[in-house]
Structures are given as structure tokens and as C-alpha cells.
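Let me begin by presenting the structure, written as C-alpha cells, before commenting on it.
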Amino acid sequence: MIFQLFAWSLIPLIPALIALYFLKLKRQEKVISSTFLWARSLEDLHVNAPFQRMRRSLLLLLQLLILAALIAAASKPIIESEVEIGVSRIILLDVSASMNVEESGGTRLELAREKALKIIESMQPTDLTGLITFAARPKVLQPLTTDKAKLTRAVGAVEGTSLPTDFTQALKTAASLSEASTGSEIYVVSDASFGAVKGIPAELERLDLKFIPVGEKTENVGIIELDVRRDFGKEKRTEVFGSVLNAGTEPVSVTLSFFEGDVLRDAVELEIAPGKTRGRVFDGTEYVGKVLRLEVEPGGALGVDDRAWIRIDPPEPVDVLMVGDGNYYLENVLKVDPMIRARRVSLGAYTRLRREGRLEDDPADVFLFDAACPETLPDRPSIYVGCLPPFPELTEEAGDKPDGAGTEGAADGEAGDGKAGAADDANEIGANEIGADEARKAAPGETVENPIIVTYDEGHPANRFISFADLFVAESIRLPEGGRFRSILDSSKGSLAATLTLTPPGQPAVELLLLGFDIRNSNWPLLHSFVMFFSNAISWLGEGAGRAAAHRYRTGEMLVYRGESGGESGDESDDGGDTLVVRDPTGRESPLVEQATGELIYAGTTQTGVYELRRAGAEGDEVILRFPVSLLNRKESRIAPSDTLKVGASAQAQAQAVPENRDLWKWFALVSLAVLLVEWWMYNRRMTL
Amino acid sequence: MSDTRTTALLDKEFIAKIEQLELVSRKVSSGQTRGERRSKRRGMSTEFADYRQYVAGDDLRHLDWNIYGRLDRLFLRLYEEEEDLCLNILVDRSQSMKFGDPEKFLYARRLAAALGYIGLVNLDRVRVCSFSDHLDLVFGPARGRRQVWKLLDGLENLEIDEEGGTDLARGCRDFAVSQSLTGIVIFISDFFDRGGFEEALRVLLSRSTTTEIYVFHVLAPEEIDPPLSGDFRLVDSEDAVSAEVSISRPLLKVYKRNLDAFRAEIQHYCTRRGITYVFTSTDVSFEQLVLGFLRRRGLLK
């Protein structure tokens with residue numbers, strides 16, 4: 001049993017009480033005929049010796065008992081928990097988003113804090129204890145120490161976050177912290193809603209984990225996806241797509257509201273079955289450049305996943321790198337669309353850049369190979385005009401002349417400047433051959449002459465609003481069909497335009513658009529479909545390149561600011577004397593950290609909401625950019641706590657009670673109260689003096 | 001006799017009632033002078049008592065000549081002697097007697113006055129003494145109706161001894177040695193003496209076996225049933241000994257039990273020695289005590 005030492009300072013109250021007893025209360029004096037009979041009744045009155053008085057004074061004894069019980073209660077006696085002595089303990093405290101769930105006694109984090117404090121309270125004076133919080137990243141709040149006060153302060157300083165959980169990292173940190181001492185116990189105070197932790201090193205599985213569960217609630221609804229997509233079926237329509245998860249066990253009916261700033265723009269009712277997800281699309285076309293918010297209501301026990309934000313930026317021009325020796329028509333048509341920014345290099349320069357690896361840093365979103373095809377496949381979306389990339393299909397089906405076809409195409413391209421005027425003849429020839437035998441079709445990769453346009457894929461983004469009725473092609477390479485090739489322009493002599501998706505191992509998929517003919521061998525530059533086709537195709541491929549116009553961040557992600565003119569923000573802030581800060585949703589401002597690359601980063605996205613990048617200058621604050629940060633995490637939205645902590649393939653930590661010390665002061669206080677009542681009763685019964 | 005002065009102790013109506021009463025002594029004792037009480041001695045009254053043979057020197061007037069004629073022997077006729085009765089009254093005037101409502105001392109003086117009055121009216125020799133820690137003669141010894149005013153005056157002027165405590169033994173010893181106690185002794189006190197009462201009564205008894213002792217134990221109602229409750233520091237009026245008490249019902253029970261035991265102790269002591277013990281409270285009507293109780297007990301008739 002442990003007593004608080006300060007209570008011993010109350011012990012002098014005992015002699016003080018005895019002294020008070022001797023002083024006694026002032027009694028009313030009354031002269032009577034004789035105390036003879038009273039004295040007979042009260043023999044102790046004749047005894048002047050104080051200790052003989054005490055001997056008979058039951059009330060004094062009771063008062064002493066009360067005082068002793070009160071002193072004992074004030075000393076906060078505790079029965080120590082059955083914890084091993086001399087071990088070191090590490091408390092892993094979960095501060096992830098799911099710990100924000102409001103339970104009956106407070107949030108899960110508050111309950112976890114209380115349990116952590118109880119663990120600390122049960123410490124022996126020689127025990128080493130450390131405190132680590134974990135969410136997306138672990139944080140050592142207090143290294144191993146024997147100082148309870150430090151630990152208590154550290155627990156008091158624990159703040160909740162809206163971060164996802166990475167328990168593996170937490171275990172690694174705990175393991176490294178406990179290396180210094182042997183026999184460490186790791187108390188995991190968490191709701192364990194992150195589920196089983198798999199794929200961890202074997203040494204982490206051997207850790208002595210003691211799981212202290214927190215939380216009971218399971219019902220929650222949260223937004224787990226928010227994104228923007230361009231609807232190619234309708235011109236310039238921007239759609240905001242939100243997805244809501246019902247993580248509970250009961251079907252729910254929720255309202256998903258769509259806000260621009262604080263103005264409600266749209267709302268829908270959603271019926272969601274338990275464990276299911278339902279999505280909804282909102283029209284965000286009018287809100288380009290704005291921060292939009294989705295809100296689900298009612299959102300269940302967890303609040304941080306009830307709102308999600310996104311910023312839609314105006315689309316940036318697609319950067320096109322033209323590879324070839326120059327094409328008047330193509331270069332001019334690319335200048336027509338303001339959303340296309342085109343440059344041109346020769347095939348030799350491209351090959352050199354590629355070989356030297358400098359092409360990877362090129363900002364080009366789309367390559368346009370104009371009758372000049374490199375020998376290697378591109379690493380980003382590309383358009384091949386009048387030549388083909390080196391595909392196995394072409395090699396197998398076209399014999400041993402794949403390069404020859406390309407070379408011929410290129411040669412044709414070079415020599416085709418004066419052939420545009422032959423369109424009428426081609427049309428005539430093509431008309432004559434409409435009924436020709438299919439068997440006369442050339443093999444893929446072979447050159448065909450005067451193909452007649454038969455049909456085209458109206459549903460493909462590149463063909464939007466286009467009619468190929470007036471297109472005449474003098475000569476084209478027949479493109480492969482079927483398999484991974486999707487023909488979007490068919491002629492009487494095979495496919496003239498096709499798309500395919502390259503999926504290089506370990507790299508993102510790349511869309512390719514192949515045009516079998518050199519445009520200079522057709523009347524296309526004279527048709528309006530020429531402009532439309534390239535605008536559509538580059539827009540489609542540029543979007544696929546990942547230059548998303550939407551910005552939304554998840555908690556824990558770094559906010560990166562490259563400056564208004566490409567990584568020069570650091571210089572700007574230095575030169576102008578202005579300070580760039582990030583103001584988080586709680587209003588707290590933090591400076592950005594400048595990287596060696598010149599980028600400014602901010603890594604404190606622990607809460608959901610809109611973070612503002614501000615410039616604090618002499619002319620006042622100015623909001624430069626807004627970063628919407630949301631949880632958008634399916635695991636965190638699933639708040640159902642677990643009874644066991646599954647780590648790795650075999651290790652399981654069952655839930656157990658907090659090793660808390662049992663307070664006895666209440667019992668002592670009760671005893672003193674009971675004795676006080678007895679004394680009062682006896683006093684009123686006048687059992688004695 | 002002054003009527004105005006007697007009214008303080010005995011009013012006219014009461015005096016009229018006790019006028020006819022006389023003290024009864026169950027024991028035949030020897031008085032000092034001739035009186036109206038039958039004496040052990042053979043004397044001069046007309047009441048025949050006995051015969052005895054004549055011896056030389058006897059008064060020839062008392063020879064019974066008729067007997068001599070018949071028997072030819074000289075016998076002497078003996079007659080009853082009538083002497084007076086000695087009434088000794090001893091009143092406690094210690095400070096403890098001034099308490100009570102009615103006051104114990106007043107009650108004791110009225111009792112002494114009534115009995116003394118009866119004695120004087122019946123030609124008994126009356127002596128009244130008071131005591132605290134010493135003895136004082138208040139009245140007498142005297143006899144005859146004419147002494148009544150002196151008796152009443154003495155008792156009326158008798159005051160509490162403000163300085164003296166109670167010393168029963170010394171009071172009784174002095175009382176006993178000052179004069180023969182033959183006759184009736186009336187002892188009126190509250191018996192509040194830490195030294196005890198036994199020595200006092202023993203001294204009274206030792207002086208004469210023919211003494212008829214009446215002990216009047218007078219207490220105030222407040223002493224029989226104290227109307228106190230709460231925390232008190234009780235101070236003894238005589239010796240200033242204080243007692244701090246928290247008076248409660250159980251304590252009062254103990255007190256009463258002790259009082260009963262104290263009374264029983266005195267009564268037992270008296271009964272075994274032929275002393276008449278009379279306990280009275282001052283709230284008992286004085287008239288009822290004298291006219292009723294004492295007549296029933298045979299002290300008065």
C-alpha cells in the first residue's frame with residue numbers, strides 16, 4: 001500500500017485534538033447545593049489526571065478514530081496493481097482520426113489519456129516508462145523516464161489529430177525506444193480500428209504487447225472519396241464526385257450536401273446499406289477556382305470524416321513536345337488552342353535527350369511524333385502521325401519490315417508537301433474500291449492507298465464533334481485492329497487511326513493515339529475536323545497524363561508550394577522580406593520549410609479543413625493559396641473498435657484492463673463518516689461525558 | 001407571642017391545628033423536672049404503680065395501712081412519676097440548605113418551629129440547635145407556652161451559615177455532649193456531607209439508649225428530579241468543588257439511582273438502630289407532613 005507523504009504532516013492534528021479535548025468546550029456554570037450525588041454518579045469527575053479522563057472518554061476515542069481515518073484518506077492510500085517491478089514500459093497512445101469518436105465518457109482520446117495516466121500512476125518509483133503517440137507517424141513525447149510528473153505532463157500535452165494510422169511505424173519506434181532496456185512492456189492504448197497489422201518484421205511480432213482497448217461505438221458514416229473529373233461527354237463539364245461509406249451495422253439515410261464556401265449548392269439523400277459505399281456526382285463546372293465542400297449528415301460518431309474539401313483549379317495548358325522536322329499544318333493547328341502549349345525538337349534531339357535520361361525531367365505532357373518515330377516506346381501519352389512505334393504485333397504481322405514502314409512513312413512525309421491537291425483523285429479512287437474484296441486488305445503496317453473512310457468511333461473523346469465525311473487520304477499505313485488496339489477511324493482498307501494503352505511494368509499506363517497517315521497525304525488540313533481532332537486528342541491525352549485540375553489532400557500529406565513562377569517563391573520571400581506562412585483550420589500559423597529544390601513544404605496537416613498559404617507583408621496578409629485537407633480514409637471511418645490487436649501473422653494481444661492502483665481513500669472517508677455518525681448518536685444519547 | 005412574627009414560619013390557621021397535638025415518646029425516659037410525662041421514676045403522682053416492702057427511712061405517708069392490717073407487714077405504695085419530655089431539635093443550616101423552591105432551610109425551620117411549638121405547648125423541654133460545620137444554640141432549653149415566641153423568633157432569625165460547610169459528625173457530637181439527649185431528638189438535614197452520615201447518627205445514639213431519634217431528610221424537588229439538561233459546570237455551594245457534566249437522560253437515571261441508594265442507605269442505617277427516618281421533599285405540603293404523616297408515624301397525636 002502506498003500513502004502520499006504529505007498526509008503525514010496532518011498527524012500533529014492528533015495531539016492537537018487531544019489538547020482541544022482538555023481545553024474542552026465552555027460549559028454553563030451552575031451553583032448547586034452539592035455535587036455530592038453528582039460526584040457519586042460521575043466518579044471520573046473527581047479524577048483530575050488527564051489520561052484517566054481520556055481513558056473513560058469514548059467520544060475522544062471516536063474523534064481520534066475519525067481523525068486517523070481522515071488522515072488516512074488524505075494520504076490517498078492505494079493498493080498497488082499487480083505489475084512487475086523494475087520493468088520498463090512504453091505507452092503507445094493512438095491519436096489517429098478514429099480516436100476523435102465521441103464516446104459516452106468523452107472522446108476516445110480522452111478515455112485513452114485517462115487510461116495512460118492510470119498506467120503511469122501504477123508505476124513503481126524505479127520503473128522506466130516512455131510515451132509515444134502514433135497516427136500517420138509516431139512521435140516520442142517522452143523518452144523512458146522514472147519521473148511521473150514528466151509523463152503526466154506529456155500525457156496532458158497529447159493532442160488529437162485527424163491522421164490515418166500507421167501502426168507498423170509505431171511498433172518500430174517503440175521497439176527502438178525499448179532497446180535500451182530489457183523486458184519492456186508495450187501498452188497499446190487504442191481502439192485498434194485499423195484492424196490487423198500485416199507484413200511487419202518478425203522481431204516486432206515478438207514484442208510484449210499489452211492491449212488496452214478504448215471505445216465502444218461502431219456506427220459511423222463518412223466521406224471516403226472526393227475527386228473531380230472531366231465529363232468528356234459534355235463540353236467543359238466538371239464533375240465533383242463524392243463517395244460515402246456506411247461503416248456501421250445498420251442501414252442509414254443521410255444527406256450529402258455540396259457547398260461552395262458556406263453556400264449550399266446541391267444536396268441529395270442517400271440510402272446506404274451497412275458496410276456499403278455510395279457515390280454521387282455534383283456539377284462543379286461553375287466553381288472552378290473555388291474551394292468546394294461535401295458534407296454528410298448525420299455523420300455518425302466520428303466527426304472529422306463528415307466533411308471533405310476540394311479545390312478545382314482552372315485547367316492548365318497541355319504541354320506538347322512535337323518530335324519531327326517541322327510540319328506547318330500541325331504547328332499552326334496546335335497554336336489555335338489556347339489550352340495547348342507546343343514545342344518542337346528533331347528526332348535526333350529527342351533520341352539524344354532520351355538516351356541521356358534528361359527527358360524524364362521534361363515538363364511535356366504529350367509527345368507528338370510527326371512522321372518521326374523513335375525506336376523506343378514513350379513514357380508518357382503520345383500521338384504518332386504517319387509512323388508507328390515498334391510493336392511486336394507489327395513485327396509479327398508485317399514481317400521483318402517494321403522499321404521500314406516507319407522509314408517509308410517518314411520519307412513520304414518529307415516528300416508529301418505537294419500531294420495535298422490530289423484529294424479529288426483519291427476520293428474517286430476510294431469510291432471505286434468501296435466494293436472491293438476484303439481479302440485484298442493489306443496487312444497491318446503495310447501501306448494502303450486511297451482508303452475510303454467507312455466509319456469512326458463517335459464515342460471516343462478524340463472524335464467528339466467531328467465528321468470525317470470529307471476526309472480523303474491518299475496513302476496510309478494500315479493499323480492493327482483488335483487486341484489492345486482500338487480503332488477509332490476505319491476505312492475500306494483497314495484502320496487509319498487507333499488507340500492503345502501501354503502498361504510498362506512498374507510504371508503508370510500510357511495512352512497512345514496512332515494515325516496511320518501523314519496529314520500531308522490527305523486533305524485534312526483543309527477541314528475543320530483537323531483542328532478539332534488534335535484539340536480533342538491532346539486534351540484527352542493531357543488529362544490522362546495526371547495533370548488533374550483538382551486539388552485535395554489527405555491528412556498527413558505534405559503541402560508543397562512551388563512558387564508562382566516555378567520554385568522561386570523562396571527567393572521571392574527573401575527578396576521582398578515577406579513571410580510565407582500556413583494558417584491551419586484552427587487559426588495557428590506556421591512557417592513553411594524550404595527544401596533544397598526550392599520547394600516550400602508544410603507537413604503539419606494533422607487536422608481536416610482548409611489550410612491557407614498566406615503572405616504576411618507590409619501591406620497586410622494575403623491569401624495566396626488554399627489547400628483543402630480531408631480525412632478520406634476508409635480505415636479511419638470504420639471506427640468499430642477491436643477486442644484484439646492482431647500484429648503480424650501470429651501475434652495477438654488480447655484486451656486487458658489497465659493496471660491501475662486501487663484508491664482506498666474513499667473507504668477511509670466513509671469510515672470516518674460512519675464513526676462521526678456513531679459519535680453524534682452517542683453524544684445525543686449522552687452515554688458519557 | 002407575637003402573631004406577626006410567627007406568620008413567617010407558622011400561620012395562625014396552622015397553629016390552631018397543632019394546638020391540640022402533643023409529642024409521643026414511645027420510650028419512657030427520665031426528665032429533669034416534674035412534668036406531664038410518665039417517668040421511670042416512682043414519684044408523686046396519683047397514678048398507682050406498684051408495692052414494695054418498707055425499708056427504714058421510707059416516707060411513712062406512703063405506707064399502705066390496709067395491707068398492714070391484713071398481713072401485718074409494711075408495704076409501701078409506689079406511684080408513677082410524671083416528668084417533662086426533652087425535645088431536642090437539630091437543624092442543618094449549611095449552605096446546601098438554602099437551595100430549593102421552597103427552600104430547604106425554610107422548610108426545616110418551619111418543621112422545627114411546629115414541633116417546638118407543640119413541645120412547648122405540652123410543657124416539654126425544648127431545645128433547638130443548628131449546625132453547619134459547628135454547633136449553635138438557637139433556643140432553650142426551655143418549656144412552657146410563654147417560650148413559644150422566643151422559639152419562633154430564634155428560628156426566624158436563624159440564617160444560613162454562608163461560610164460554613166456541612167459537618168454532620170461534628171454538629172451531632174457537639175450537640176450530644178452539650179446536654180443529655182434523653183427524650184426526643186429531631187434531626188433535620190439534607191445529609192449532603194462528603195464525610196458521611198453514619199458517624200453523626202452513631203454519636204446521637206451513643207448518648208442514650210432511651211433517646212428517640214427522628215431523622216428528617218429534607219431535599220428540594222430540584223435535587224430529587226434535577227430540571228437540567230445540557231453541558232454544565234456544576235459548582236458545589238459549600239466547598240466549590242466543580243463537576244463538568246453533560247446532563248442527559250441516562251445520566252439523570254444514574255443520579256436518581258444514586259439518590260435512591262443514598263436514601264435507602266440512610267434509612268437502612270436508621271431502621272437497624274431504631275431511628276425513625278422521614279424523607280420529605282420541600283414540595284410536600286408542610287401541613288400535610290405535620291398533621292398527616294407525623295401523626296401516622298406516631299410522633300404526634
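Order of the sequence lines fixes the chain letters, A, B, ..., with proteins taken first and strands second; residue numbering starts at 1 for each chain.
- Asp236(B) contributes a side-chain N or O that, together with a main-chain N or O of Thr35(A), makes up a donor-acceptor pair within less than 3.5 Å.
- Here CZ of Arg194(B) is found 5.0 Å from OG of Ser34(A). Values are rounded to the nearest 0.5 Å.
- At least one side-chain heavy atom of Val235(B) sits under 4.5 Å from a side-chain heavy atom of Glu29(A).
- For Asp193(B), the part lying under 4.5 angstrom from a heavy atom of chain A is the backbone only.
- Looking at Lys104(B), only its side chain comes within 4.5 Å of chain A, counting heavy atoms on both sides.
- By the 4.5 Å heavy-atom criterion applied to side chains, Phe99(B) and Val31(A) are counted as neighbours.
- Taking CD from Glu222(B) and CD1 from Ile32(A), the interatomic distance works out to 11.5 Å, rounded to the nearest 0.5 Å.
- Heavy-atom neighbours of Lys217(A) NZ from other residues, nucleotides or ligands within 6.0 Å: above the threshold of 12.
- Put simply, of Ser237(B), Ala220(B), Ser96(B), the one with the most heavy-atom pairs under 4.5 Å next to chain A is Ser237(B).
- For Leu252(B), the part lying under 4.5 angstrom from a heavy atom of chain A is the side chain only.
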